[in-house]
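Reading through the C-alpha cells given below for one structure.
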Protein chains: 2
Amino acid sequence: MDLDPAQLRAFLAVTERRHFGRAAEELAITQQALSKRIARLEEVLGERLLDRDGRGARPTAAGERLIEPARAVLAACAAAVTAVRGAARPLRLDVWGHLFAPLRTVGAVAVEPGAVEIGHGRDLPSVLAALLRGEIDAGFGRHHALPDGRHRELAHRLVRLEPVDVVVGPDHPLAGATELRPCDLRTSQLLLPTAPARLEFLRRFAERFELTSSAVGSNLGAEHFLARLAATPTAVTLLPADLPLPDAPGLRGIPLVEPTPLYAWSLVWPKRAPHPGIPALLRAFTEAGRRRRWLEYHPERDWLPEAEAAQLGEAVR
Amino acid sequence: MDLDPAQLRAFLAVTERRHFGRAAEELAITQQALSKRIARLEEVLGERLLDRDGRGARPTAAGERLIEPARAVLAACAAAVTAVRGAARPLRLDVWGHLFAPLRTVGAVAVEPGAVEIGHGRDLPSVLAALLRGEIDAGFGRHHALPDGRHRELAHRLVRLEPVDVVVGPDHPLAGATELRPCDLRTSQLLLPTAPARLEFLRRFAERFELTSSAVGSNLGAEHFLARLAATPTAVTLLPADLPLPDAPGLRGIPLVEPTPLYAWSLVWPKRAPHPGIPALLRAFTEAGRRRRWLEYHPERDWLPEAEAAQLGEAVR
DNA sequence: CAGCTTTGACAACCATTGGTTGTCGGCGAG
DNA sequence: CTCGCCGACAACCAATGGTTGTCAAAGCTG
C-alpha cells in the first residue's frame with residue numbers, strides 16, 4: 001500500500017486551508033492538479049477524505065483520522081532524508097543583481113530562523129556555478145538561460161515581478177516629469193553599471209525602446225555609478241520602484257508607464273538532490289508574494305521581456 | 001523532499017537479499033526496473049546507497065543509515081492506512097475450480113497467522129462478483145476474461161503453472177501406459193464435470209487436441225463424476241499431476257507429454273482500494289513459487305492455452 | 001429575479017515517469 | 001579461453017500526473 005507523500009501533502013494543505021485553490025497555491029500547482037491528487041489518494045484508500053461544497057472543503061471523519069498519521073509519514077520521510085545526509089543544515093541562499101538590491105525581497109520573506117543562510121551576493125554566472133557544484137543550495141535573482149546550457153540542470157520558480165523606475169540626474173531635461181513612458185527616453189543614454197552582456201534586462205530595455213547604452217566601466221561600485229549618472233545630463237538608468245535611492249544629490253526615480261517594465265525575480269536551485277528546505281522556501285516566497293501581490297502582470301500596460309520572448313511559460317514553471 | 005515508498009521497498013529488499021535479481025523477484029518486477037528504482041532513490045537523496053559488484057550488492061554507510069528510517073516510513077504509511085480504514089482485518093481469500101483443488105496451492109503458501117481468511121470456495125463468476133462488491137479481498141484460481149468486461153476492474157498475478165495428467169478408468173484402452181501424448185487421446189471422450197462453458201481450460205484442451213467432450217450433468221459432485229469416469233471405458237478427464245486421486249477403484253493418473261498441458265493459477269484482486277495485505281500475499285506466493293519452481297514453462301514441451309492466445313503477457317502482468 | 005463570481009471536477013492534451021525487453025560490459029569460475 | 005552471473009544502458013511504450021480550457025453547481029449581489 002504505497003501512499004504518495006505528494007498526495008498526503010496535498011491533503012494536509014486542504015485540511016489546513018479548507019480551500020482547494022489556496023492549497024494549490026501553497027503547493028504551487030494548479031487547483032485541478034491538486035484536485036486530482038486528492039482524488040487519487042481517496043481512490044487508494046477507498047474512503048472519501050474531504051467533503052466539498054461551493055465554499056471549500058472540510059475533512060470527513062476518515063479524513064480527520066488521516067491528518068496526524070499523514071504528518072507522521074511526512075516526518076518519517078524527512079527523518080529518513082536526514083539520516084542519510086546527516087543532520088539538517090541551513091539552506092544556503094545566494095543572490096545576484098546587486099544593483100537592484102535582491103536582499104530587499106529576500107528579507108521580506110518569512111523563513112524559520114536558522115533555516116536559511118544568505119550569502120553576500122555574487123554575479124549570475126558565479127551563483128549558477130556554485131549551485132551546480134553544490135556549494136550553495138539556492139539562488140535568487142533574475143534568471144535567464146545560459147549559453148552553455150547548464151541552466152537545464154537547475155529548476156527555477158518566478159517569485160516576483162517588480163516595477164522599474166527610470167532614474168535621472170538633476171540636469172536631465174525630463175527630471176521634472178511625474179511619470180514617463182519608455183519611448184520618452186529615446187533621446188537619452190542608458191547608463192549601465194557594467195558590460196551590457198552581463199545585464200540582460202537593461203540590454204533588452206535599450207533594444208526594445210531604442211536607447212543608446214553606455215557602460216560606466218568595470219565594477220567601480222554603485223556609488224560611483226550613481227555619481228556618474230547624476231553628473232551626466234543625458235543619462236538615465238533603471239532601478240526598482242521601491243528601492244530607496246542613495247544619497248546621491250538630485251537623483252530622481254520617475255515611474256515608467258505605457259508600458260511599465262517589470263523585473264522578474266526567480267528562485268533557482270539544482271534539480272539533482274535538492275536541499276530538503278527548498279519546498280519550505282518556495283512556500284515562504286509564494287506566501288509573501290501572494291500577500292504583497294508580487295506576481296501581478298497586466299500585458300496591456302506592463303513590459304516583461306520574458307513574455308515577449310515567450311519565456312514566461314517556462315519561467316512560471 | 002518526497003521519498004517514494006516503492007523505492008524504499010526496493011532498497012530494503014536489496015539490503016536484505018544482497019542481490020538485485022532476487023530482490024526484484026520478491027517485488028515481482030524485473031531486475032532492470034528495480035535497478036532504476038534504486039538509481040532514482042540515490043538521485044533524490046544524492047548519495048550512493050548500495051555498492052555493487054559482480055556478485056551482488058551491499059549497503060554503503062549512507063545506505064546503512066537509511067535502513068531503519070526506511071522501515072519507519074513504510075510503517076508510518078501502513079499506520080496511516082490503518083487509521084483511515086480502521087483496525088487491520090484479515091484478508092479474505094476465496095478460491096474457485098474446486099475439482100482441481102485450489103486449496104492445495106494456497107495451503108502451501110506461508111502467510112502470517114490470522115492475516116488471511118480462506119473461504120470455502122465458489123465458482124469463478126461468484127468469486128469475481130464478490131471481489132467487485134468488496135465482500136472478499138482476493139481470489140485464487142484459473143483466471144480468464146469475462147464476457148462483460150468487469151474483469152478489467154481486477155488486477156491479477158499468475159502464480160503457478162501446474163502440469164496436468166490425464167485420468168482414465170480401469171477399462172480404458174490406454175490405462176496401462178506410463179505416459180501419453182494429448183494426441184493419443186483423440187479417440188477418447190473428455191468427460192466434463194459440468195457444462196463446458198464453465199470450464200474454459202478443459203474446453204480449450206478438447207478443441208486443441210480434438211477430443212469430443214461430454215458433460216456429466218449439473219454439479220453432482222466429484223465422487224459421482226469420478227465414478228462415472230471409472231465406469232466409462234472411453235472416457236478421460238484431466239486433473240493436476242500432484243493431486244492425490246480419490247479412492248475411486250482403478251482410476252489412474254497418467255502424465256501427459258509432448259506437450260504437457262499446464263493449468264495457470266492466478267491471484268486476483270480489485271484494482272480499486274486493494275486490501276493492505278495484498279502485497280504481502282503476493283510476496284508469499286512469489287516466494288513459495290520460487291522455491292517450488294511453480295512458474296517453470298518450456299514452450300517446446302508444454303501447452304499453455306494462455307500462451308497460444310497471447311494472453312500470457314497480460315497474465316504475467 | 002438575473003447576472004456574476006467562486007468552487008471543484010471533467011475533458012483533452014502532453015511531458016514525464018516507470019515499467020518492459022534486449023543487450024552489453026565486467027567479473028569470476030572452470 | 002568460454003560460459004554464466006550480475007547490474008546497467010538503450011529503446012520502447014503504457015501509465016502517470018501535470019497543464020489549460022471548460023463546465024455545472026452553489027452562493028452572493030443588485
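Everything numeric here is computed off the predicted structure, so don't read it as measured data. Proteins come first, then strands; the chains are lettered A, B, ... in the order of their sequence lines, and each starts at number 1. These values consider heavy atoms only, across backbone and side chains, with no hydrogens, waters or symmetry-generated copies.
The interatomic distance linking Asp4(B) (CG) with dA15(D) (C1') rounds to 14 Å, in whole Å. To the nearest angstrom, P of dG18(C) lies 15 Å from CD of Glu42(B). Nucleotide dG18(D) holds its C1' atom 13 Å from the CD atom of Gln31(A), rounded to whole Å. Look at CZ on Arg55(B): it is 7 Å from P on dG28(C), rounded to the nearest Å. Per the geometry, CD1 belonging to Ile38(B) stands 11 Å off P belonging to dG7(D), to the nearest Å. One atom, CD of Gln7(B), and another, C1' of dG19(C), lie 13 Å apart when rounded to the nearest Å. Note: CD (Glu25(A)) to P (dT6(C)) measures 14 Å, nearest angstrom. The CZ atom of Arg157(B) sits 13 Å away from the C1' atom of dG19(C) (whole-angstrom rounding).
Salt bridge Arg204(A)/Glu200(A): present, at least one basic N to carboxylate O contact under 4.0 Å. Electrostatic pairing of Glu16(A) and Arg71(A) counts as a salt bridge here, judged by a charged N lying under 4.0 Å from a carboxylate O.
Map Arg18(B) and Lys36(B) each onto its nearest nucleotide of DNA chain D; the residue landing nearer the 5' end is Arg18(B).
In the interface, the side chain of Gln32(A) is not paired with the base of dG18(D) through any donor and acceptor atom under 3.5 Å apart.
Distance from the side chain of Phe20(B) is smallest to dA8(D) among dA8(D), dG17(D), dG8(C).
For the 3.5 Å distance criterion, the side chains of Glu162(B) and Trp265(B) qualify, holding a donor opposite an acceptor.
Across all their heavy atoms, Trp294(B) and Ala288(B) have their closest contact at CZ3-CB, 3.8 Å.
Between Arg37(A) and dT16(D), a side-chain N or O to OP1/OP2 separation shorter than 4.0 Å is absent. Proximity of Ser35(A) to the phosphate of dG8(C): no side-chain N or O atom is located under 4.0 Å from OP1 or OP2. A close approach under 4.0 Å does occur between a side-chain nitrogen or oxygen of Arg52(A) and OP1 or OP2 of dA9(C). For Thr30(B), no side-chain nitrogen or oxygen approaches OP1 or OP2 of dG19(C) to under 4.0 Å. Side-chain N/O atoms of Arg40(A) include one lying less than 4.0 angstrom from OP1 or OP2 on dG17(D).
At distances below 3.5 Å, not a single donor-acceptor pair connects side-chain atoms of Arg58(A) with backbone N or O atoms of Leu50(A).
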